[in-house]
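Here the structure is laid out as structure tokens; the discussion comes afterwards.
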Amino acid sequence: MNMKINENFLNLSENFLFSLIAKKVKQYKEANPTKEVISLGIGDVSLPLSKVVVDALVKASLEMGVKETFRGYPPEFGYNFVKDAIRKYYLKNSVDLSLDEIFVCDGAKSDLGNMVEILGDNRIIIPDPVYPVYVDSNMMAGRNILLLEGNKSNGFLPMPDGLTLEESVIYLCSPNNPTGAVYSKEQLKVWVDFAIKSKSLIIFDSAYEAFIRGNYPHSIFEIEGARKCAVEISSFSKLAGFTGLRCSYSIVPKDILDGVFNRIWGRRQATKFNGVAWPVQKAAEAALSSEGLKACENNINYYLYNALMIEEVLKKNDIYYTGGTNSPYIWMKCPNNMSSWDFFDKLLTEANIVGTPGVGFGKSGDGYFRLTSFSTREKTIEACKRLDKFFKEMK
Ligand SMILES: *Cc1c(COP(=O)(O)O)cnc(C)c1O
């Protein structure tokens with residue numbers, strides 16, 4: 001066949017991280033069938049949907065089977081009742097959005113990937129380590145990517161220092177996956193000022209904003225000037241446990257490029273996306289009701305308490321880490337300058353704990369390791385005991 005393919009796909013690195021982890025764990029368990037292996041590597045919520053969400057889901061599903069309440073294609077950008085609920089959710093942080101700046105979709109991952117399509121060939125700035133979707137979706141489009149190194153000295157929160165003033169697309173994720181690091185208001189202001197000065201666009205991923213407990217911005221639009229230079233992509237996945245249900249939203253202010261960016265994003269969505277299912281949108285609305293938000297908060301507090309226990313062990317053993325407190329992720333420095341994978345193997349075979357090698361999130365992640373708080377309370381307690389013993393024995 002002479003058909004041409006998009007050869008950019010051939011330049012992507014193999015997506016081997018989670019398959020290699022699974023393979024190593026499987027081999028270890030087969031060789032050691034009596035050992036109880038605990039995973040602190042889960043990158044997905046584990047608590048079930050709240051009752052108020054399930055009730056809305058069931059009710060709306062039943063409506064689909066009745067002639068009078070049956071619904072066909074939903075509006076491409078979401079029903080107004082969901083957009084209105086999102087609008088009210090943002091008003092709590094004094095961010096005032098208009099309904100036509102909110103686009104409801106089936107996942108932040110889709111939105112992040114799809115937004116590349118409506119952008120031309122700009123310089124792409126991506127902090128490293130980070131959620132791999134930003135790098136991979138820009139690689140697929142053949143873009144030039146500049147990675148900004150996260151490290152101990154910047155607390156894994158790279159800033160624009162030293163960047164030339166050139167139109168760029170800047171990806172920021174706060175609280176960050178995998179490092180759990182959160183940008184302060186002052187730091188985001190520096191980014192927004194840089195974006196305005198360099199005529200750049202910030203794509204702000206706030207998937208974990210609901211985990212913030214300290215005084216940090218939940219939305220980029222809490223920063224003065226952001227409406228001129230930023231879009232925000234967020235999701236019900238981590239807020240309300242919708243990873244299996246699928247509902248997200250993107251916010252595209254009309255102040256960017258005199259409304260053109262908002263219009264072409266709408267055009268893109270209306271052409272290639274046919275909307276989120278009625279029961280899912282009713283469930284999303286329920287998640288943002290006062291009862292729904294209370295349930296979200298309870299679940300997130302459960303994870304954050306797990307995170308706190310892990311943090312205590314690291315503090316006690318003098319191990320540098322970022323995250324926890326405002327994030328489900330704890331990003332720790334591997335003791336004795338071990339590489340991410342050497343530490344993975346040692347932790348698996350000696351403490352029977354699975355985590356995620358930091359290098360899997362970018363080359364600046366080597367020497368670091370991600371632990372997550374998405375396991376159960378009981379397993380996290382047991383894992384913490386093992387971790388404490390393990391670190392003491394390493395000294
Ligand atoms: C989980 C996650 C998302 C959410 O993705 P969905 O497709 O909405 O489930 C977005 N960004 C980051 C950084 C994430 O970790």
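Atoms within each ligand, like the ligands themselves, are counted from 1 in listed order.
Listed by number with element, the atoms of ligand 1 under 4.0 Å from a non-hydrogen atom of Lys109 are 5 (O), 6 (P), 7 (O). Listed by number with element, the atoms of ligand 1 under 4.0 Å from a non-hydrogen atom of Gly107 are 7 (O), 8 (O). Counting the atoms of ligand 1 from 1 in the order shown, those under 4.0 Å from a heavy atom of Ser235 are 6 (P), 8 (O). Close contacts of ligand 1 with Cys173, meaning ligand atoms under 4.0 Å from a residue heavy atom, involve 13 (C).
Where the criterion is an N or O separation shorter than 3.5 Å, residue side chain and backbone included, Tyr208 meets it with respect to ligand 1.
Aromatic ring centres of Tyr216 and Tyr183 lie farther apart than the 6.0 Å criterion allows.
In terms of protein heavy-atom proximity, atom 9 (O) of ligand 1 is nearest to Ser237 OG, 2.6 Å. The protein non-hydrogen atom at the shortest distance from atom 3 (C) of ligand 1 is Lys238 NZ, 3.4 Å. When hydrogens are left out, the protein atom nearest atom 7 (O) of ligand 1 is Arg246 NH2, 2.7 Å; that is the closest non-hydrogen contact.
Classification of the Tyr171-Tyr134 ring pair by plane angle, with boundaries at 30° and 60°, yields parallel.
Under the 4.0 angstrom criterion for non-hydrogen atoms, Phe236 is not in contact with ligand 1.
A cation-pi arrangement is absent between Arg370 and Phe361, since the terminal nitrogen or guanidinium carbon is not both under 6.0 Å from the aromatic centre and inside a 45° cone about the axis. Relative to the ring axis of Phe344, Lys24 does not place its NZ or CZ within 45° and under 6.0 Å from the centre.
Under 4.0 angstrom from ligand 1, there are no non-hydrogen atoms of Ser110. Residue contacts with ligand 1 for Ala108 involve both N, CA, C or O and side-chain atoms from C-beta outward (heavy atoms, distance under 4.0 Å). Contacts between Phe242 and ligand 1, counted as non-hydrogen atom pairs separated by less than 4.0 Å, are absent for every part of the residue.
In the displayed structure, Lys26 atom NZ is contacted under 6.0 Å by at most 12 heavy atoms of other residues, nucleotides or ligands.
Looking only at distances, a side-chain donor or acceptor of Arg213 sits under 3.5 Å from a matching main-chain atom of Ala210.
Paired with Tyr329 under the rule ring-ring contact (aromatic ring centres under 6.0 Å, His included), one option of Tyr368, Tyr208, Phe369 passes, and it is Tyr208.
Here the side chains of Val66 and Leu62 are not in contact, with every heavy-atom distance at 4.5 Å or above.
Residue Asp205 holds the heavy atom nearest to atom 12 (C) of ligand 1 of all those in Asp205, Thr243, Asn177.
Looking only at atom types and distance, the side chain of Glu209 has no donor-acceptor partner in the side chain of Ser219 under 3.5 Å away.
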